[in-house]
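First comes the structure, then the notes that go with it.
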Amino acid sequence: MMHTSQKLTFPTMGCGTWAWGNRLLWGYDESMDNQLQAVFNLCVSNGVTLFDTGDSYGTGRLNGRSEQLLGQFSREYQGANKENICIATKLAAYPWRLTRKSMVSAGKSSAQRLGKNVDLVQMHWSTANYAPWQEAALLDGLADLYEQGLVKGVGLSNYGPKRLKWVHKRFSERGVPIASLQVQYSLLSTYPVTELGLKEVCDELGIKLIAYSPLALGLLTGKYSEKGPFPKGIRSLLFRQLLPGIQPLLACLGEIAQSRNKTLSQVAINWCIGKGTIPIPGAKTVEQAEQNIGALGWQLDTGEIATLDKVAGSLNKKMVQNIFQTQ
């Protein structure tokens, strides 16, 4: 079989590119592209070689923009770790995608935008919560992409342990391994991992767990005070609701950050690494990328992790779960 030799290499940390092409939530515009190339280059040269995108990323006429940019950037990049670059995209379970073929052609369209095959193709979300009948065909299409040698690996996103085991069984019958599973995971969003026991299941099945939104959309950066100013757009509502209740956690992160000579973000990201996950914080600027990279090369000790767990566990308000997250 062709595809067994094409192993994926996962780094300690990746980079999320949801903001690349998203006007609505993140205020993207085309003038940012040079800066984004610099972000890409800085990440790869520092061993941050996993880039997570999606075929639904990019608003309006910029749909697919994130994939296009990543394709361009990885072609332009000449430097260390080039051979380890892993572009991971997520195919949306749109209501009009109903057949195996629709997923295969979605994968091919992503490859066209990237100008090369997708390394890791992921199911963006499970339809189990609202259209369970739709899911099997879409998953079969993902597995087809792997069997046809069009991708190096297959992953899932927003799945809980029950549904994960169901997919795993289905894929095993075809000899298709699940490389990764990503869920929303941070000190403010421990639900899938802690409450549902997802990490243990992933370990048992040999699946890498990827943590998206490790900074809870910016709530854990310490950049925003409960008095404001708040970030623009949809996030401002979330920040107004959550900031007052998470002060004890921010204070705790602050103390550890100070004693470690790190920033709050770096401690929050390192906590995810300490939990055995691969965090994929986003970065739109070189400064943000440098910040994220500062989470590497050191490790919180078990005492610090336990303290953070305790404080996070005592908060009464947490991040809202992704509506597509399944059991």
Side-chain angles (χ1 to χ4, degrees), residues 3 6 8 10 14-22 50-60 62-71 74 85-160 163-164 166-168 170-171 174 176-184 207-208 210 212-213 280 282 322-326:
H3 53 247
Q6 308 183 308
L8 287 167
F10 286 107
C15 178
T17 64
W18 182 20
W20 301 13
N22 188 309
L50 171 67
F51 293 86
D52 184 70
T53 183
D55 68 351
S56 61
Y57 287 1
T59 38
L62 295 173
N63 206 3
R65 182 75 182 160
S66 174
E67 290 179 330
Q68 274 167 345
L69 290 172
L70 280 168
S74 53
I85 293 173
C86 176
I87 312 262
T89 200
K90 297 185 291 299
L91 303 180
Y94 292 131
W96 57 88
R97 283 188 180 157
L98 294 168
T99 61
R100 297 167 77 138
K101 284 208 173 87
S102 66
M103 280 310 252
V104 172
S105 55
K108 287 178 175 169
S109 303
S110 287
Q112 256 177 332
R113 284 190 290 273
L114 284 169
K116 67 177 199 93
N117 276 358
V118 176
D119 297 309
L120 175 66
V121 74
Q122 306 158 95
M123 181 83 163
H124 203 150
W125 64 85
S126 164
T127 63
N129 293 346
Y130 61 96
W133 50 268
Q134 187 189 358
E135 193 168 15
L138 301 185
L139 289 165
D140 290 344
L142 273 194
D144 292 342
L145 283 165
Y146 180 79
E147 276 185 350
Q148 291 168 25
L150 296 172
V151 298
K152 292 182 193 171
V154 174
L156 303 170
S157 177
N158 299 309
Y159 278 67
R163 204 68 184 166
L164 171 62
W166 175 77
V167 181
H168 184 264
R170 202 178 172 90
F171 278 9
R174 291 179 65 179
V176 175
I178 299 173
S180 62
L181 165 60
Q182 59 167 289
V183 292
Q184 175 179 298
I207 296 169
K208 291 265 194 275
I210 296 173
Y212 74 78
S213 288
I280 47 168
N322 188 307
I323 49 167
F324 295 121
Q325 175 65 45
T326 58

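With sequence neighbours excluded, no residue forms a side-chain contact (heavy atoms from CB on, under 4.5 Å) with S105. The side-chain hydrogen bond (donor to acceptor under 3.5 Å, both in side chains) test applied to E135 returns S126, Y159, R163, not counting sequence neighbours.
Nearest heavy atom pair, residue K90 against residue T53, reads NZ-O, 2.9 Å. Nearest heavy-atom pair, D55 versus S110, reported as atom, atom and distance to 0.1 Å: CB-OG, 3.7 Å. Smallest separation of non-hydrogen atoms from A111 and N117: CB-CA, 4.1 Å. Here the closest heavy-atom approach between residue S180 and residue F10 is recorded as CB-CZ, 4.1 Å. When every heavy atom of Y130 is checked against every heavy atom of A93, the shortest pair comes out as OH-O, 3.8 Å. The two atoms that bring L8 and C86 nearest to each other are CD2-SG, 3.8 Å, heavy atoms only.
Here the CZ atom belonging to F171 is positioned 10.5 Å from the CG atom belonging to L164, to the nearest 0.5 angstrom. One distance of note links CD of Q68 with CD of Q112; it measures 10.5 Å at 0.5 Å rounding. Here OG of S157 is found 7.5 Å from CG of L181. Values are rounded to the nearest 0.5 Å.
In this structure, the side chains of L114 and T89 stay at 4.5 Å or more apart for every pair of heavy atoms. At least one side-chain heavy atom of L50 sits under 4.5 Å from a side-chain heavy atom of I210. Here the side chains of R174 and D140 are in contact, with some heavy-atom distance below 4.5 Å. Taking 4.5 Å as the limit, some side-chain heavy atom of V176 sits within range of a side-chain heavy atom of V154.
Checked by atom type and distance alone, the side chain of Q134 pairs as donor or acceptor with a backbone atom of Y94 at under 3.5 Å. Under a 3.5 Å cut-off, the side chain of R97 and the backbone N or O of A92 do form a donor-acceptor pair. Side-chain N or O atoms of S66 include one that pairs as donor or acceptor with a backbone N or O of T17 at under 3.5 Å.
N158 and Y212 share a side-chain donor-acceptor pair at under 3.5 Å. No side-chain donor-acceptor contact under 3.5 Å links Q184 and S213.
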Check against side chain to side chain contact (heavy atoms under 4.5 Å, CB included), V118 and L145: CA-CA 10 Å; V118 176; L145 283 165; over 6 Å; no
From CA spacing to verdict: side chain to side chain contact (heavy atoms under 4.5 Å, CB included), L156, I207: CA-CA 10 Å; L156 303 170; I207 296 169; over 6 Å; no
V167 vs L139, side chain to side chain contact (heavy atoms under 4.5 Å, CB included): CA-CA, chis, key distance, verdict: CA-CA 8 Å; V167 181; L139 289 165; 3.8 Å; yes
Derivation and outcome, side chain to side chain contact (heavy atoms under 4.5 Å, CB included), residues L138 and S102: CA-CA 8 Å; L138 301 185; S102 66; 4.1 Å; yes
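A salt bridge (Lys or Arg N to Asp or Glu O under 4.0 Å) check over residues 116-134, counting only residues at least two apart or in different chains, returns the pairs K116-D119, D119-K152.
A salt bridge between K101 and D144 is absent, with no side-chain N of the basic residue lying under 4.0 Å from a carboxylate O of the acidic one.
Each of V104, V151, V121 was evaluated against L142; a single residue qualifies, V121, per the side chain to side chain contact (heavy atoms under 4.5 Å, CB included) test.
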